[in-house]
Colleague: 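Shown below is the structure under consideration.
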There are 2 protein chains.
Amino acid sequence: MAEQTVPEGFTTEQLAYVEDLAATITASGVQRMPSRIYAAILVSEEGSMTAAELAATLRISPAAVSTAVRWLTQIGMVSRRSVPGSRREQYVVDSDSLIRLIAHDTRALQSWVVGFGRGLGVVEPDGAAARRLTELQEFFGFLLEEMDGVMERWYARTRQQGAATPTGQPSPSRAARNR
Amino acid sequence: MAEQTVPEGFTTEQLAYVEDLAATITASGVQRMPSRIYAAILVSEEGSMTAAELAATLRISPAAVSTAVRWLTQIGMVSRRSVPGSRREQYVVDSDSLIRLIAHDTRALQSWVVGFGRGLGVVEPDGAAARRLTELQEFFGFLLEEMDGVMERWYARTRQQGAATPTGQPSPSRAARNR
DNA sequence: CAGGAACTTCACGATTTTGTGAATGTATTT
DNA sequence: AAATACATTCACAAAATCGTGAAGTTCCTG
């Protein structure tokens with residue numbers, strides 16, 4: 001029962017997990033390819049992979065990698081890193097990038113607030129519809145506000161834990177700005 | 001400039017807004033038809049519409065209404081209500097249903113927690129990948145926990161406002177800071 | 001109890017989406 | 001400076017999705 005391996009050092013077990021995790025990510029709205037790529041890099045021991053490695057591991061074309069990576073870097077789930085001695089680029093996933101993405105992705109919530117707000121101009125003032133729209137608008141606005149406090153508490157908690165459990169790893173809080 | 005109307009009492013202005021709001025909803029992952037239907041009912045003064053009204057207003061087939069409504073009721077964005085003297089059913093939207101949906105939709109967050117957890121079984125123990133997976137798992141678990149507090153504060157706030165401003169005027173609000 | 005109205009389900013056609021191969025662009029190395 | 005190695009873009013084909021019409025089912029009405 002020697003560990004089955006594939007070109008880039010993933011065991012078949014790990015490969016299966018990558019697909020499994022990708023499915024979960026896909027279920028929350030991300031397209032298939034970006035999900036698979038994100039999952040693969042996340043699971044890789046180094047936390048980074050090159051385009052060629054991704055193509056070989058996931059059995060997809062370089063074109064698919066390119067397209068998916070472009071999307072991933074645009075929204076900030078993955079960052080690029082140039083490798084000094086090579087033309088190759090590495091695509092990096094650190095856990096913080098996803099966390100920050102969720103924390104600061106106010107765009108989604110804001111578009112709801114704006115969207116409901118617009119409705120107040122077209123329905124009967126003080127009517128039942130206006131009341132519904134107002135409540136929803138306020139709720140999403142409230143979530144927006146609350147997100148700050150939530151993240152504050154998260155970072156407080158991680159600081160505390162980070163001090164308690166020295167894993168011998170340099171703090172991963174620094175992430176590369178993409179582009 | 002008499003108000004242009006369509007069969008079910010929507011002005012063209014309102015119809016345009018319905019499509020606009022539907023687009024926002026669609027942008028966050030909901031399919032087109034469910035989004036349009038939800039938007040239409042939400043904007044309707046009564047907060048409820050029949051299948052026939054929906055079909056006429058949105059110019060779609062009864063089949064499309066049926067399919068979309070089934071999905072909407074399954075996830076809880078819309079509820080059904082039988083009309084006493086008729087075979088017709090009404091589909092109801094109240095602002096609370098969406099709010100509760102978001103508040104209690106722990107399934108999404110939980111599947112992330114579970115998903116990351118599974119990964120810990122296949123990566124090198126105490127390695128960098130394991131550290132990433134653990135942090136993400138903890139983060140989503142944290143969000144799950146925090147959701148309770150957030151909703152508690154929301155309901156406290158609405159109770160307060162309900163007493164103070166019956167029409168639901170948006171009052172300057174501050175983010176909660178305390179635990 | 002027959003007729004019909006309302007909703008649902010099913011199979012199909014049309015549209016949209018998605019990934020590939022080939023061509024193109026760009027930077028590094030010799 | 002030419003060659004080469006990566007990465008990206010484009011057009012197309014395959015595949016998945018979506019909405020419709022028609023048939024089916026269920027429950028009211030007369």
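Proteins come first, then strands; the chains are lettered A, B, ... in the order of their sequence lines, and each starts at number 1. Because the structure is predicted, anything quoted here is derived from the model rather than measured.
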Colleague: Of the options D:dC18, D:dA7, C:dC7, whose atoms approach the side-chain atoms of B:Gln31 most closely?
Modeller: D:dC18

Colleague: Can you tell me which nucleotide in D:dT9, D:dG19, C:dT8 comes closest to the side chain of A:Ser66?
Modeller: D:dT9

Colleague: Looking only at side-chain N and O atoms, does A:Arg36 come under 4.0 Å of OP1 or OP2 in C:dG19?
Modeller: no

Colleague: Please give the angle, rounded to 10 degrees, between the axes at the start and the end of the helix from C:dC1-D:dG30 to C:dT30-D:dA1, where five pairs define each axis.
Modeller: 10°

Colleague: Could you tell me how far apart B:Leu54 (CG) and C:dA6 (P) are, to the nearest whole angstrom?
Modeller: 14 Å

Colleague: Considering residues at least two apart in sequence or located in another chain, which fulfil the side-chain hydrogen bond (donor to acceptor under 3.5 Å, both in side chains) criterion with A:Arg132?
Modeller: none

Colleague: Which residues pass the side-chain hydrogen bond (donor to acceptor under 3.5 Å, both in side chains) test with A:Ser35, not counting sequence neighbours?
Modeller: A:Thr26

Colleague: Test of understanding: with side-chain hydrogen bond (donor to acceptor under 3.5 Å, both in side chains), list the residues that count as partners of B:Arg32, not counting sequence neighbours.
Modeller: none

Colleague: What side-chain donor-acceptor pairs closer than 3.5 Å can you find for residues 18-25 of chain A, not counting sequence neighbours?
Modeller:
residue, atom, partner, partner atom, Å
A:Glu19, OE1, A:Arg36, NE, 3.2
A:Glu19, OE2, A:Arg36, NE, 3.2
A:Glu19, OE2, A:Arg36, NH2, 2.9
A:Asp20, OD2, B:Arg118, NE, 2.7
A:Asp20, OD2, B:Arg118, NH2, 3.1

Colleague: Which letters describe nucleotides 20-30 of chain C, given B = protein heavy atom under 4.0 Å from base, S = only from sugar-phosphate, - = neither?
Modeller: BB---BBS-S-

Colleague: To the nearest Å, give me how far apart CZ (A:Arg70) and C1' (C:dT18) are.
Modeller: 14 Å

Colleague: List, one per line, each side-chain donor-acceptor pair under 3.5 Å for residues 40-51 of chain B, sequence neighbours excluded.
Modeller:
residue, atom, partner, partner atom, Å
B:Ser44, OG, B:Ile41, O, 2.7
B:Ser44, OG, B:Gly47, N, 3.1
B:Ser44, OG, B:Ser48, N, 3.4
B:Glu45, OE2, A:Ala128, N, 2.8
B:Glu45, OE2, A:Ala129, N, 3.4
B:Thr50, OG1, B:Glu53, N, 3.1

Colleague: Using whole Å, report how far CH2 of A:Trp71 lies from P of D:dA7.
Modeller: 21 Å

Colleague: Please examine the side chains of B:Glu135 and A:Ile99, heavy atoms only from C-beta on, and report whether any two atoms are closer than 4.5 Å.
Modeller: yes

Colleague: Quick one: list whatever passes salt bridge (Lys or Arg N to Asp or Glu O under 4.0 Å) with B:Arg88, sequence neighbours left out.
Modeller: none

Colleague: Which nucleotide wins on minimum distance to the side chain of B:Tyr91, given the candidates D:dC18, C:dC7, D:dA7?
Modeller: C:dC7

Colleague: Can you check the A:Leu58 CG to C:dG19 P distance for me, whole Å?
Modeller: 12 Å

Colleague: From CD of A:Glu53 over to P of D:dA7, roughly how many Å is that when rounded to an integer?
Modeller: 10 Å

Colleague: For C:dC7, does either OP1 or OP2 sit under 4.0 Å from a side-chain N or O belonging to B:Arg88?
Modeller: no

Colleague: Just do the side-chain contact (heavy atoms from CB on, under 4.5 Å) check on A:Leu98 and B:Leu136 with the steps written out, would you?
Modeller: CA-CA 8 Å; A:Leu98 181 57; B:Leu136 285 173; 3.9 Å; yes

Colleague: For B:Phe140, which residues count as a ring-ring contact (aromatic ring centres under 6.0 Å, His included) partner, sequence neighbours excluded?
Modeller: B:Trp112, B:Phe116

Colleague: Could you check how far CD1 of A:Ile37 sits from P of C:dT18, rounded to whole Å?
Modeller: 14 Å

